[in-house]
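Residue numbering restarts at 1 for every chain, and letters A, B, ... go by the order of the sequence lines.
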Amino acid sequence: MTATDDARTCIIFDFETTGLSPAQGDRSIEIGAVRIEGGVPVARFQSLMDPGVPVSPFIEEYTGISNAMLDEAEPCEVVMERFALFAGEANLVAHNASFDRRFLEAEYARIDRQPGGSLACSLLAARRLCPTAPNHRLGTLVEHLDLPSDGTFHRALADAEMTSALWLRLLDLLAERGPRDVTFSDMVRLCQTNKADLNKLVDQLCHA
DNA sequence: TGCCAGGCCCTCTTTAGGGCCTT
C-alpha cells in the first residue's frame, strides 16, 4: 500500500504485548490491523506471535492470550515481515499511538525495517474532538459514540476494528464542521495542537 | 530486594506534580 494524504485511506493497527515498554524488554504477542481505503475497510491482518519469553499471568488474564497459544505461533520476526508487506508505505493510526509506535519501531528494528508512513493518534484526536466524553479509553469512546463492537476487548484485531470505526467517526465530526474533508496531514497537525489554538485550527482545516 | 515506561495535558504551572492512556 503506498502513501496517500487521504485521511480515510490508511492502516489502523494495534499491538498486544507482554508489558508496557520495549525498552524494559517487553515484546509484542499479537498484531491486528484494518486497511481502509476511502473510508471503507478493504483488508484485515491478525496474527499471534511468539516473543520467545513467557507472558505473565496478568497478561494472560488481560488479553486472553495464553502461553500455550503463543507456543504454537510464528516468531515475532516472521509475523512482522508479513505485516510490513501488508502495511507498505501507508499512513498509520493507533489509539494512544505513542505506545504502539514504540513497539512497532522496536519490532521493525529487529528485522531492519522502519515504519513507512506517518502515524496519527485516535486518542489525541478524540480528546480534541470529543471533549465531553467521560474519558478517552477506547472502550468508553466506543460506547459514548455508539460505535460497532462485538464485545471483544484487548485483542489486537478487535481493538483495531473499533479504532478504525472511531477514526472514521472523528473524521465525520470534522466533516460536519466544514465543507471539505481533512487530510491525514491535517489530522497529524490536529493531534499536535493545544486546546487554546484548537478552534482556530479546526476552522482553518474545514474552510481552507 | 525492590522496582520497573513514556508522551500528553491540566493546573493550585513553566525552577512541578500528577492523572490519563496504552499492555
Select base, sugar-phosphate, or nothing to describe what [X] touches, counting heavy atoms under 4.0 Å on all strands.
X         : result
Leu123(A) : sugar-phosphate
Asp26(A)  : nothing
Asn194(A) : nothing

Any side-chain donor near an acceptor of the partner, His154(A) and Thr63(A), under 3.5 Å: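 Short answer, no.
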Donor-acceptor pair between Thr17(A) and Asp26(A) side chains, under 3.5 angstrom: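 No, no side-chain donor-acceptor pair sits under 3.5 Å.
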From C-beta outward on [X], which listed nucleotide comes closest to its side chain: [options]?
X         : options                  : answer
Tyr62(A)  : dC8(B), dT23(B), dG6(B)  : dT23(B)
Arg128(A) : dT22(B), dA5(B), dC8(B)  : dC8(B)
Asn96(A)  : dC8(B), dA5(B), dC21(B)  : dC21(B)
Gln24(A)  : dC4(B), dC21(B), dT23(B) : dC4(B)
Arg137(A) : dC21(B), dT23(B), dG6(B) : dC21(B)
Ser98(A)  : dC21(B), dT23(B), dG6(B) : dG6(B)

Provide, to the nearest angstrom, the distance between the [atom1] atom belonging to [X] and the [atom2] atom belonging to [N].
X         : N       : atom1 : atom2 : value
Leu198(A) : dC8(B)  : CG    : C1'   : 15 Å
Met49(A)  : dT23(B) : CE    : P     : 14 Å
Phe153(A) : dC21(B) : CZ    : P     : 15 Å
Phe99(A)  : dC20(B) : CZ    : P     : 18 Å
Ile29(A)  : dT22(B) : CD1   : C1'   : 14 Å
Asn135(A) : dC8(B)  : CG    : P     : 20 Å
Glu105(A) : dG7(B)  : CD    : C1'   : 13 Å
Arg127(A) : dG7(B)  : CZ    : C1'   : 9 Å

Please state the [atom1] separation for the pair [N] and [M] - nearest whole angstrom.
N       : M       : atom1 : result
dG6(B)  : dT1(B)  : C1'   : 25 Å
dC12(B) : dG19(B) : C1'   : 15 Å
dC3(B)  : dC10(B) : P     : 32 Å
dG2(B)  : dC21(B) : P     : 32 Å
dG18(B) : dT13(B) : C1'   : 12 Å
dT14(B) : dC9(B)  : C1'   : 14 Å
dC8(B)  : dC4(B)  : P     : 22 Å

Can we say Glu16(A) and Arg155(A) salt-bridge, meaning some charged N sits less than 4.0 Å from an Asp/Glu carboxylate O?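 Judged by the 4.0 Å cut-off on N to carboxylate O distance, Glu16(A) and Arg155(A) do not form a salt bridge.
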Note: Arg27(A)-Glu77(A) ion pair, threshold 4.0 Å (strictly below):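 Salt bridge between Arg27(A) and Glu77(A), a charged N being under 4.0 Å from a carboxylate O: yes.
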Given that Phe15(A) and Leu124(A) both sit by DNA chain B, which one's nearest nucleotide is further toward the 5' end?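 Comparing both residues, the 5'-ward one is Leu124(A).
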On DNA chain B, nearest-nucleotide positions of His154(A) versus Gln192(A): which is more 5'?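 Going by which nucleotide is closer to the 5' end, it is Gln192(A).
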Please work out which of the three classes, parallel, tilted or perpendicular, describes the rings of Phe103(A) and Phe15(A), given edges at 30° and 60°.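 Answer is tilted, since the angle falls between 30° and 60°.
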Cation-pi, Phe45(A) ring and Arg35(A) (6.0 angstrom, 45 degrees):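 Judged by the rule (NZ or CZ under 6.0 Å from the ring centre, within 45° of its axis), Arg35(A) is not positioned above Phe45(A).
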May I ask you to verify if any side-chain N or O of His136(A) is less than 4.0 angstrom from the OP1 or OP2 atom of dC21(B)?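 Yes, such a contact exists.
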List the steps and the verdict of side chain to side chain contact (heavy atoms under 4.5 Å, CB included) for Ile12(A) and His95(A). CA-CA 9 Å; Ile12(A) 298 96; His95(A) 198 68; over 6 Å; no
